[in-house]
Novice: 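One structure is given below, represented as structure tokens, and several questions about it will come after.
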Amino acid sequence: MLANSIVVLDFETTGLSPDQGDRAIEIGAVKLDKGVITDRFQALMNPGRRISSFIEHYTGINNRMLAVAPTCAKVMTDFSNFIGSSNLLAHNAAFDSRFLAAEFSRLGQLVQGEFACSLLLARRIYQDAPNHKLGTLIDYKNIPSEGNFHRALFDAEMTAELWLIMLNDLCERYGIEHIPFSLVKKLARTPKAQVNKLLTNYAAKVS
DNA sequence: TGCCAGGCCCTCTTTAGGGCCTT
């Protein structure tokens, strides 16, 4: 289990690339303390433009909902206070970290916490899974899921549940009680063929 | 007018290409 708090987050956005002008339209997040969800954050935000019909269908978020939502600046300021200096986690963190950095940049802020990625970890430890999409992994691990995928808070909650199960699986597999955040980050950058060796060595060191 | 993401990771690789993930 993790000793320190970690914020698991998920963005819904107008598209795939903040560098191409895409903006966040919803942020959802849960805070994990010692393996337990202790807080939640969810907010729609008005990106100042209409979103495409594709995004409306993909997320279930429509232009009428966003027209009455607070601005990105307001929501992201609140979210900055929520995450503080916590470490961060997302499924395909490369995506969410780009949007978080872009929205924070508009506020003149920098992201403080370090990102871990549940997708990179899942690719290493669940190599038999049909694929490594969030929804597939939730089914693969038989995690109860009543809600709408592609909504930010639900995806963040599911990512958190998946994360805890991955850590638990690793602890059981290697006979260890705790996997520090720094080790998980290192694991996600380790070639698949060396993952077993890294964890075996760690288990021997802490036993 | 034409183009349009980016990072990871595998392989028929490294002087590259393409699938997987995220919206």
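Just so we're clear, the structure is a prediction, and the values are computed from it rather than from any experiment. Numbered from 1 within each chain, the chains take letters A, B, ... in sequence-line order.
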Novice: Take A/W163 and A/V184 through the test side chain to side chain contact (heavy atoms under 4.5 Å, CB included) and record every step on the way to the result.
Specialist: CA-CA 10 Å; A/W163 178 253; A/V184 182; 3.0 Å; yes
Novice: Please check if any side-chain donor atom of A/S118 sits under 3.5 Å from a side-chain acceptor atom of A/H91, or the reverse.
Specialist: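 Side chains of A/S118 and A/H91: pair found under 3.5 Å.
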Novice: Under 4.0 Å between any heavy atoms, over every strand shown, what does A/F54 touch: base, sugar-phosphate, or nothing? Just pick one.
Specialist: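 The residue A/F54 makes base contact.
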Novice: Step by step, would you call A/D22 with A/T13 a side-chain hydrogen bond (donor to acceptor under 3.5 Å, both in side chains)?
Specialist: CA-CA 7 Å; A/D22 286 316; A/T13 69; over 6 Å; no
Novice: Contacts to DNA chain B from residues 188-197 of chain A, heavy-atom cutoff under 4.0 Å, which residues?
Specialist: A/A188, A/R189, A/K192
Novice: Heavy atom of residues 125-147 of chain A under 4.0 Å from DNA chain B: which residues?
Specialist: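 Only A/N131, A/H132, A/K133, A/L134 qualify.
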Novice: Quantified in whole Å, what is the P atom distance between nucleotide B/dG7 and nucleotide B/dG2?
Specialist: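 It works out to 28 Å between them.
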Novice: First locate atom CG of A/L120, then atom NE2 of A/H132, and finally report the distance between them rounded to the nearest 0.5 Å.
Specialist: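 Going from CG on A/L120 over to NE2 on A/H132, the span is 10.5 Å.
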Novice: Between B/dT22 and B/dC3, how far is it from one P atom to the other, in whole Å?
Specialist: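 It works out to 28 Å between them.
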Novice: Looking across every strand, which nucleic acid part, if any, lies under 4.0 Å from A/D10 by heavy atom: base, sugar-phosphate, or nothing?
Specialist: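 Sugar-phosphate contact only.
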Novice: CG of A/N148: more than 12 outside heavy atoms within 6.0 angstrom?
Specialist: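 Counting other residues, nucleotides and ligands, CG of A/N148 stays at 12 neighbours or fewer.
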Novice: When the C1' atoms of B/dG19 and B/dT15 are compared, how many Å lie between them, rounded to an integer?
Specialist: 22 Å
Novice: Cluster partners of A/I27, using ILVMFWY side-chain heavy atoms under 4.5 angstrom, listed by chain and number?
Specialist: A/V7, A/L9, A/F11, A/L16, A/F41, A/M45, A/V75, A/M76, A/F79, A/F82, A/I83, A/L88, A/F95, A/F99, A/L100, A/F104, A/L107, A/V111, A/F115
Novice: Under a 3.5 Å cutoff, is there a donor and acceptor pairing between the side chains of A/N131 and A/T136?
Specialist: yes
Novice: Using the test side-chain hydrogen bond (donor to acceptor under 3.5 Å, both in side chains), find all partners of A/E26 that sit at least two apart in sequence or belong to another chain.
Specialist: A/Q42, A/R151
Novice: Counting any heavy atom closer than 4.0 Å, what does A/R124 reach on the DNA or RNA strands: base, sugar-phosphate only, or nothing?
Specialist: sugar-phosphate
Novice: Please name all residues satisfying side-chain hydrogen bond (donor to acceptor under 3.5 Å, both in side chains) with A/Q112, sequence neighbours left out, ordered by chain then number.
Specialist: none
Novice: So which of A/L32, A/D33, A/V30 actually passes side-chain contact (heavy atoms from CB on, under 4.5 Å) with A/T38?
Specialist: A/D33
Novice: Would you give the length of the straight line joining atom CZ of A/R124 to atom CG of A/L170, rounded to the nearest 0.5 angstrom?
Specialist: 12.0 Å
Novice: Please report the distance separating the P of B/dT13 from the corresponding atom of B/dC21, rounded so that it comes out in whole Å.
Specialist: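 23 Å, rounded to whole Å.
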Novice: Just jot down the ring-ring contact (aromatic ring centres under 6.0 Å, His included) partners of A/Y58, sequence neighbours excluded, or say none.
Specialist: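 ring-ring contact (aromatic ring centres under 6.0 Å, His included) list for A/Y58, sorted by chain: A/F54, A/H150.
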Novice: Could you tell me whether A/E161 and A/K141 have a side-chain N and a carboxylate O separated by less than 4.0 Å?
Specialist: no
Novice: Looking at residues at least two apart in the chain, or sitting in another chain, which of them share a salt bridge (charged side-chain N to carboxylate O under 4.0 Å, His left out) with A/K185?
Specialist: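 For A/K185 the salt bridge (charged side-chain N to carboxylate O under 4.0 Å, His left out) partners, ignoring immediate neighbours, are A/E114.
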Novice: Return the residues of residues 13-24 of chain A meeting this criterion: a heavy atom under 4.0 Å from some atom of DNA chain B. Order them by number, or give none.
Specialist: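 Residues of residues 13-24 of chain A that come under 4.0 Å of DNA chain B are, in numerical order, A/T13, A/G15, A/L16, A/S17, A/D19, A/Q20.
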Novice: Kindly list each side-chain donor-acceptor pair under 3.5 angstrom involving residues 64-71 of chain A, sequence neighbours excluded, with atom names and distances?
Specialist:
{"from": "A/T71", "atom 1": "OG1", "to": "A/K74", "atom 2": "N", "distance (Å)": "3.1"}

Novice: Quick one, which residues of residues 100-123 of chain A touch DNA chain B with a heavy atom under 4.0 Å?
Specialist: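 Contacting residues: A/L120, A/R123.
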Novice: When you list every nucleotide of DNA chain B with an atom under 4.0 Å from a heavy atom of chain A, which one comes first 5' to 3', and which comes last?
Specialist: B/dC4 to B/dT23
Novice: To the nearest 0.5 Å, what is the distance between CG on A/L183 and CG on A/L199?
Specialist: 6.0 Å
Novice: Hey, does A/T14 have a side-chain heavy atom less than 4.5 Å from the side chain of A/P47?
Specialist: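 Touching, per the 4.5 Å side-chain cut-off.
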Novice: Using the C1' atom as the point on both nucleotides, what is the distance between B/dG18 and B/dT14, in whole Å?
Specialist: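 One C1' to the other, the span is 15 Å.
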Novice: Between B/dT11 and B/dC4, how far apart are the P atoms? Round to whole Å, please.
Specialist: 28 Å
Novice: For B/dT1 versus B/dC20, give the span between their P atoms, rounded off to a whole number of Å.
Specialist: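 Here B/dT1 and B/dC20 have their P atoms 35 Å from each other.
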Novice: Out of the candidates A/T200, A/D169, A/N196, only one should pair with A/Y174 under the side-chain hydrogen bond (donor to acceptor under 3.5 Å, both in side chains) rule; please name it.
Specialist: A/N196
Novice: May I ask you to list the residues of residues 152-160 of chain A, by number, that have any heavy atom positioned under 4.0 Å from an atom of DNA chain B?
Specialist: A/D155
